[in-house]
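Small disclaimer: the values here were computed from a predicted structure and weren't measured.
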Amino acid sequence: MNPDRYATALEQHRRGDLEAAHAGYRAALEADPRHVGAIMGLGLIAYAHGDPATALPLLEEAQRLAPRDPAVLNNYGLTLSAAGREEEALSAWKRVLMLEPRFADAHVNLGNAEARAGRAEAAIQRYRAALAADPRSFGASANLGGLLLARRAYSEAVRWLDHAARLEPGNADVRVNLGRAWSECGHARRAIIAFEEALRLRPADRAAASNLLLALHYADDVPASSIAQAHRAWGRSIEPQGPVPRPAPRPGRQARLRVGLLSGDFNDHPVMRFLLPVLEHRDPARLELRCYHTGQREDAVTAEARRLADAFLSVRELDDAALAARLAAERLDALVDLAGHSAYGRPAVLAARVAPLQATWLGYLDTTGLASVDYRITDAVADPPGLTESLHVERLWRLPALWSYRPHAEAPPVAKAPSEGAGIVTFGSTNNPAKLSDAALSLWADVLVQVPGSRLLVHAHDDPLCRDRVAKHFAGRAIAPERVAFFGRDSSAAGYLQRYAAIDILLDTTPYSGGTTSCDALWMGVPVVTLAGDRPFSRTSAAVLHAAGFPQWAAASRERYVATAAALAADLPGLAALRRSLRDRVAASRLCDERAIAEDFTTALASMWDAVTTGTGSGP
């Protein structure tokens, strides 16, 4: 045998030319039927093609011929795992490490097995061992970074993800994880760059595209028109020939609309605080609601949704094409998407036009970018007539109120205002740390300067990547560090809601305002000051305040925001009295009128149905 033939095949394999490598390995075996490298190479090509039934016998033969070769044993473990023989795979990788304790790939494979089994700490230790053996192990650095990201250890996650990106500059997945880490800590610009790089490497990556669109909402230096253009561009990439024709309606005028609700958040998630009232109070003679759960987690809230809905299906295992086919087969009158480009969202399914009427509501406070979506459901505060229509592909359908808020069952009683007795006002932010933009921090610094002696309590991840940036911002404004304190994520709803006991006035974020947090604050007796911006996701708290009966706390300018916060802080007796009365006032307001939102939603769907099936009107 010409030894160069095997070496050439091996190089072709490394370059990814599997067809040429396969021919080369075959030629090598014709010359030497016991050539371990060629046998193993053929097995690995079959493994790469997702064919463990072919790969396993080849690797078994290679292992029989070279029982003490760590590389052969390691690859044998891969094929065993692919064939579903996980325990045997673990045994093979452990034998590798008995022969060669510093064999990095075996540590990585054991780490991957631990991660699949849900043993994150054991997996992390395996990846660290792999990197100690080989600091250039891409698999170890990328996977370690991913697990640390899931644990919110952001600084170290970014360190290892950056390292992985340098090792394999063409890997898009690493860029997506880097973008997520930066975004979750409020570094919107860096997140955008990472997601854009992922899309440059893999233009058809829908998850990277949705992550980028979501990240644009957190940036305070991106105009609303640019965000709208980015959504439209994404929509055109999904609908290159234009939207799919509208399915024919079911025969006859439908007195009872069959409506699908598509979301990954049918669990203890803020979206359900607004959806459960509709599920519970809608008129079943007029509205059949079918829930399609694309998310991973199920809990007691899932069980409640399952009980209230006419049908509840977990569809997370279906890809976009299969899910679209399933929804089309349901013969829905309408599909309402509740997630958009947020986590577990499946917006591409709407591009397949699975129902005569398609709309979006609640979970994504912006356009989807899809011409196949007929309406975005909103209200006249979040989307004032004449302000945001140009930012949408969909037509806007305005309800009397954006939603109805259901307070959490674990909400404790309203606590005494922390300023009572102390004489010092504590401002606070309970919003997602991703919303901690420089614009928001600058606005809060203005408030602290305007209200001498006041303090600020900020929800921020317990990691330098998040907190150092916030602390440096206030230090740059000569605000003493003792005036700004942080708290982390609470594992329970009761623990989170108890945080409001330490806050006198909630300061909303910008450009991405709060929603559920603003509702929760009001319920816990805490007034909310917001800046109503020029885009829908900048106006959600304003919509909440209008529905609750406190439109005066929604400021139209930065100056008015600071003045509103300062005025509330200047009247400590009024602040204490407000705290004692706020829950009852909110409970009696439109914000908590569950039956009204169910009726409004039902009526809106019926009107939208008439509009799209008869071609009349575009909505209020």
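Taking the centre of each ring, H461 and Y154 come in below the 6.0 Å mark. Ring to ring, F601 and W361 are close: their centroids are under 6.0 angstrom apart. F312 has its ring centre less than 6.0 Å from the ring centre of F266. Taking the six-membered ring for Trp and the full ring otherwise, the centers of H392 and H231 sit at least 6.0 Å from each other. A ring-centre distance under 6.0 Å is not found for W523 and H408.
With L443 as the partner, the side chain to side chain contact (heavy atoms under 4.5 Å, CB included) test is satisfied by one option alone out of T509, D508, V562, V529: V562. The only member of T517, T516, V458 that meets side chain to side chain contact (heavy atoms under 4.5 Å, CB included) when paired with N431 is T517. Screening L110, L144, V108 for a side chain to side chain contact (heavy atoms under 4.5 Å, CB included) with R126, the sole residue that qualifies is L110.
Under the 4.0 Å criterion applied to side-chain N and carboxylate O atoms, R200 and E196 are not assigned as salt-bridge partners. Ion pair D299/R297 flagged as a salt bridge, since at least one NZ, NE, NH1 or NH2 atom sits closer than 4.0 Å to an Asp/Glu carboxylate oxygen. Taking 4.0 Å as the cut-off between side-chain N and carboxylate O, E389 and R398 count as a salt-bridged pair. Using a 4.0 Å cut-off between charged nitrogen and carboxylate oxygen, R151 and E121 count as a salt-bridge pair. With salt bridges taken as basic N to acidic carboxylate O contacts below 4.0 Å, one links R353 and D374. Taking the charged nitrogens against the carboxylate oxygens, D520 and R273 do have a contact shorter than 4.0 Å, which makes a salt bridge. Salt-bridge formation is not detected for the pair R376/D366: no Lys NZ or Arg NE/NH1/NH2 atom is positioned less than 4.0 Å from an Asp or Glu carboxylate oxygen. A salt bridge links R206 to D320: at least one charged side-chain nitrogen sits closer than 4.0 Å to a carboxylate oxygen. No salt bridge links R152 with D463; every basic N to acidic carboxylate O contact stays at or beyond 4.0 Å. Between R499 and D490 there is a salt bridge, with a side-chain nitrogen of the basic residue lying less than 4.0 Å from a carboxylate oxygen of the acidic one.
Judged purely by atom type and a 3.5 angstrom limit, S513 uses its side chain to pair as donor or acceptor with the backbone of F537.
In this structure, OG in S210 is found 9.0 Å from CG in D205, a value given to the nearest 0.5 Å.
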Original post:
Checking salt bridge (charged side-chain N to carboxylate O under 4.0 Å, His left out) for the pair D383/R539: CA distance, chi angles, key distance, verdict?
Top reply: CA-CA 8 Å; D383 288 277; R539 304 181 62 85; over 6 Å; no
Original post:
Taking it one step at a time, do E156 and R128 satisfy salt bridge (charged side-chain N to carboxylate O under 4.0 Å, His left out)?
Top reply: CA-CA 12 Å; E156 195 180 4; R128 293 194 192 280; 2.7 Å; yes
Original post:
side-chain contact (heavy atoms from CB on, under 4.5 Å) between M272 and N267: does it pass, once the steps are laid out?
Top reply: CA-CA 7 Å; M272 293 306 294; N267 45 45; 5.6 Å; no
Subject >> Derivation of the salt bridge (charged side-chain N to carboxylate O under 4.0 Å, His left out) call for R469 and D438 >> reply: CA-CA 9 Å; R469 171 180 155 269; D438 287 345; 3.2 Å; yes
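Between Y512 and Y218, the two ring planes are parallel [angle under 30°; tilted spans 30° to 60°].
The 12-atom threshold is exceeded at CZ of R119, counting heavy atoms of other residues, nucleotides or ligands nearer than 6.0 Å.
Nearest heavy-atom pair across M524 and P412 is CE-O, 3.5 Å.
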